[in-house]
Amino acid sequence: MDDRVLRELPPLLENDFMYVADRRKKEFTYPIHKHEVFELNYVENGEGVLRIVGDSSETIGNRELVLITSPDLEHVWSQGTCNSDEIREITIQFFFNFNSSDSIFSRTPMLPIKHLFEKARKGVAFTPEAIEEVYPLLNSLSTKKDKFYSVIDFLTILYKLSLADGTRELATSSFAKVDVDSDSRRILKVKDYISKHFTHEIRLAELADLVGMSPTSFSRFFKLRSGKTLSDYIVEMRLGVAARQLVDTTNSISEICYGCGFNTLSNFNRLFRKYKGCSPTEFREKYFKTKVIV
């Protein structure tokens with residue numbers, strides 16, 4: 001199924017720094033796609049628009065701002081229930097090799113932006129407060145006549161966003177195929193074990209024993225370090241892999257269910273709807289409902 005996702009060729013030339021498109025429109029018609037360049041996308045007057053980033057599917061409010069830095073993360077903004085005829089969309093496409101040792105983003109003043117880029121490999125959505133903070137610069141970016149100051153303004157936008165509170169990741173790590181970093185060796189060891197054994201039953205006692213802790217202490221430790229319970233983490237990993245298979249394969253729902261470690265189809269459907277807001281069948285249909293090769 002992956003050939004049903006458009007690989008977009010952005011209009012950036014070799015010596016270009018960024019591409020800015022400031023559009024006024026009545027509807028979203030572009031198909032689901034992915035591209036090598038990074039993308040910062042702002043939508044205004046878009047209440048009811050359906051935004052899909054990886055296995056995240058959400059109906060947006062009046063305005064939103066999303067950053068995506070992965071070349072393999074599918075995304076789309078589609079019309080949904082939006083009936084506004086004054087939609088504004090500002091799309092900024094750019095690319096930085098931020099992981100290179102000699103990259104400017106490896107220098108101390110730029111590290112917050114680098115960390116934001118790393119987080120945005122799963123797609124990130126910013127809070128209304130963060131949007132308000134950068135809106136004056138974002139609003140005027142396409143009208144700047146001096147390209148140097150356009151770059152300065154854009155870097156300022158990125159820096160302000162990198163410091164903003166409440167930035168929310170969209171796609172799951174398992175769907176986006178992003179390695180999860182942690183400052184704890186024990187957590188890394190546990191997450192590595194889960195990623196290799198999630199198709200089988202995983203018991204709390206065996207994970208606790210893996211890192212030399214009691215089950216009770218380990219449960220508290222895992223929640224403190226990861227921000228979620230062990231059971232939630234395992235379920236989200238399984239569902240992320242399941243969502244990826246719904247997109248990339250023609251396997252049946254039951255094949256995907258049991259192949260991802262769920263014991264019953266009813267439980268799989270219930271959990272999928274709880275975490276993703278729709279059934280597995282609806283997710284597959286929605287992902288490709290209006291998507292075509294262009």
Side-chain angles (χ1 to χ4, degrees), residues 1-5 32 34 50-59 70 72-76 121-123 169-182 186-211 213 215 218-219 221-223 225-291:
M1 282 192 183
D2 192 55
D3 60 354
R4 295 168 66 179
V5 178
I32 196 162
K34 53 189 178 181
L50 177 66
R51 181 242 301 131
I52 297 175
V53 177
D55 54 341
S56 167
S57 177
E58 298 176 344
T59 299
S70 169
D72 295 311
L73 188 59
E74 304 92 338
H75 55 277
V76 70
R121 290 182 295 171
K122 293 185 283 186
E169 296 176 353
L170 298 176
T172 59
S173 299
S174 49
F175 186 96
K177 300 177 182 178
V178 172
D179 293 332
V180 179
D181 295 326
S182 172
R186 285 181 290 186
I187 291 295
L188 284 175
K189 188 174 184 180
V190 168
K191 289 182 175 180
D192 181 62
Y193 181 89
I194 293 173
S195 70
K196 294 176 180 176
H197 299 88
F198 72 90
T199 58
H200 306 292
E201 183 180 4
I202 299 176
R203 298 182 181 276
L204 171 60
E206 64 182 308
L207 294 178
D209 185 63
L210 187 68
V211 293
M213 302 176 70
F218 174 71
S219 290
F221 175 75
F222 190 89
K223 176 69 180 296
R225 290 288 186 167
S226 67
K228 60 189 68 176
T229 66
L230 178 64
S231 60
D232 280 344
Y233 179 81
I234 294 173
V235 167
E236 288 183 10
M237 170 166 282
R238 287 171 172 163
L239 290 176
V241 175
R244 170 55 68 185
Q245 291 186 16
L246 287 168
V247 173
D248 289 346
T249 77
T250 56
N251 293 347
S252 68
I253 303 298
S254 60
E255 286 176 319
I256 293 173
C257 162
Y258 297 115
C260 290
F262 294 95
N263 294 325
T264 66
L265 189 57
S266 61
N267 188 47
F268 173 59
N269 285 325
R270 180 183 65 81
L271 288 171
F272 199 98
R273 183 175 291 278
K274 176 183 177 181
Y275 283 82
K276 304 297 183 186
C278 62
S279 71
T281 300
E282 290 169 340
F283 179 86
R284 177 175 265 173
E285 291 175 348
K286 179 165 56 178
Y287 210 92
F288 294 112
K289 184 177 180 181
T290 60
K291 316 306 181 286

Inset, instruction - Run the salt-bridge test on Arg244 and Glu74 with the 4.0 Å N-O cut-off and return the result as yes or no. - result: yes
Inset, instruction - With the side chain counted from C-beta on, respond yes when Met237 and Lys191 share a heavy-atom pair under 4.5 Å apart, and no when they do not. - result: no
Legend entry - Those residues that, when tested against Arg273, pass side chain to side chain contact (heavy atoms under 4.5 Å, CB included) (two or more places apart): Ser279, Glu282
Inset, instruction - Answer whether the closest heavy-atom distance between the side chains of Arg238 and Ile234 falls below 4.5 Å. - result: yes
Inset, instruction - Answer whether the closest heavy-atom distance between the side chains of Asp209 and Phe218 falls below 4.5 Å. - result: no
Inset, instruction - For residues Ile194 and Leu230, determine if any side-chain heavy atom of one lies less than 4.5 Å from a side-chain heavy atom of the other. - result: yes
Legend entry - Test side chain to side chain contact (heavy atoms under 4.5 Å, CB included) applied to Asn269 and Leu265, step by step: CA-CA 6 Å; Asn269 285 325; Leu265 189 57; 3.8 Å; yes
Inset, instruction - Please identify each residue that fulfils ring-ring contact (aromatic ring centres under 6.0 Å, His included) with Tyr258, with sequence neighbours left out. - result: none
Legend entry - Rounded distance [0.5 Å steps], CD1 in Ile202 versus CG in Leu210: 11.0 Å
Legend entry - Within-4.5 Å side-chain heavy-atom neighbours: Ser219 and Leu204: yes
Inset, instruction - State, with a plain yes or no, whether a side-chain heavy atom of Leu239 is found less than 4.5 Å away from one of Lys276. - result: yes
Inset, instruction - Go through the steps to decide whether Ile256 and Arg284 satisfy the test side chain to side chain contact (heavy atoms under 4.5 Å, CB included), and finish with yes or no. - result: CA-CA 12 Å; Ile256 293 173; Arg284 177 175 265 173; 3.8 Å; yes
Inset, instruction - Indicate yes or no: at least one non-hydrogen side-chain atom of Arg51 is less than 4.5 angstrom from one of Ser56. - result: yes
Inset, instruction - Can you sort out the partners of Phe262 under ring-ring contact (aromatic ring centres under 6.0 Å, His included), two or more places apart, ordered by chain and number? - result: Phe268
Inset, instruction - Supply the atom-to-atom distance Cys257 SG to Asn263 CG, rounded to the nearest 0.5 angstrom. - result: 8.0 Å
Inset, instruction - Using the test salt bridge (charged side-chain N to carboxylate O under 4.0 Å, His left out), find all partners of Lys223 that sit at least two apart in sequence or belong to another chain. - result: none
Inset, instruction - Ignoring hydrogens and angles, state whether a donor on the side chain of Asp232 or Thr229 is under 3.5 Å from an acceptor on the partner side chain. - result: yes
Inset, instruction - Could you pull out the closest heavy-atom pair between Thr199 and Gly259, with the gap in Å? - result: CG2-O, 3.2 Å
Legend entry - Candidate pair Ile253 and Thr281, rule side chain to side chain contact (heavy atoms under 4.5 Å, CB included), full reasoning: CA-CA 7 Å; Ile253 303 298; Thr281 300; 3.9 Å; yes
Legend entry - Closest approach of Ala205 to Pro215 (non-hydrogen atoms, all atoms of both residues): CA-CG, 4.3 Å
Legend entry - Partner set under ring-ring contact (aromatic ring centres under 6.0 Å, His included) for Phe175, not counting sequence neighbours: none
Inset, instruction - Apply side chain to side chain donor-acceptor pair (under 3.5 Å) to Ser173 and Lys122, showing your working. - result: CA-CA 7 Å; Ser173 299; Lys122 293 185 283 186; 3.0 Å; yes
Legend entry - Salt bridge present between Arg203 and Glu201 (N-O < 4.0 angstrom): yes
Inset, instruction - Please check if the side chain of Asp55 supplies one atom and the backbone of Thr172 the other of a donor-acceptor pair under 3.5 Å. - result: yes
Legend entry - Closest non-hydrogen atom pair, Ala171 against Gly54: CB-CA, 4.2 Å
Inset, instruction - Give, for atom CD of Glu206 and atom OH of Tyr193, the distance between the pair rounded to the nearest 0.5 Å. - result: 4.0 Å
Inset, instruction - Taking side chain to side chain contact (heavy atoms under 4.5 Å, CB included) as the test, write out the residues that go with Asp192, two or more places apart. - result: Ser195, Lys196
Legend entry - Expected output: side-chain Gln245 to main-chain Ala242 donor-acceptor under 3.5 Å: no
Inset, instruction - Please examine the side chains of Phe283 and Val247, heavy atoms only from C-beta on, and report whether any two atoms are closer than 4.5 Å. - result: yes
Legend entry - Distance in Å, Phe221 CZ paired with Arg186 CZ, rounded so as to fall on 0.5 Å steps: 4.0 Å
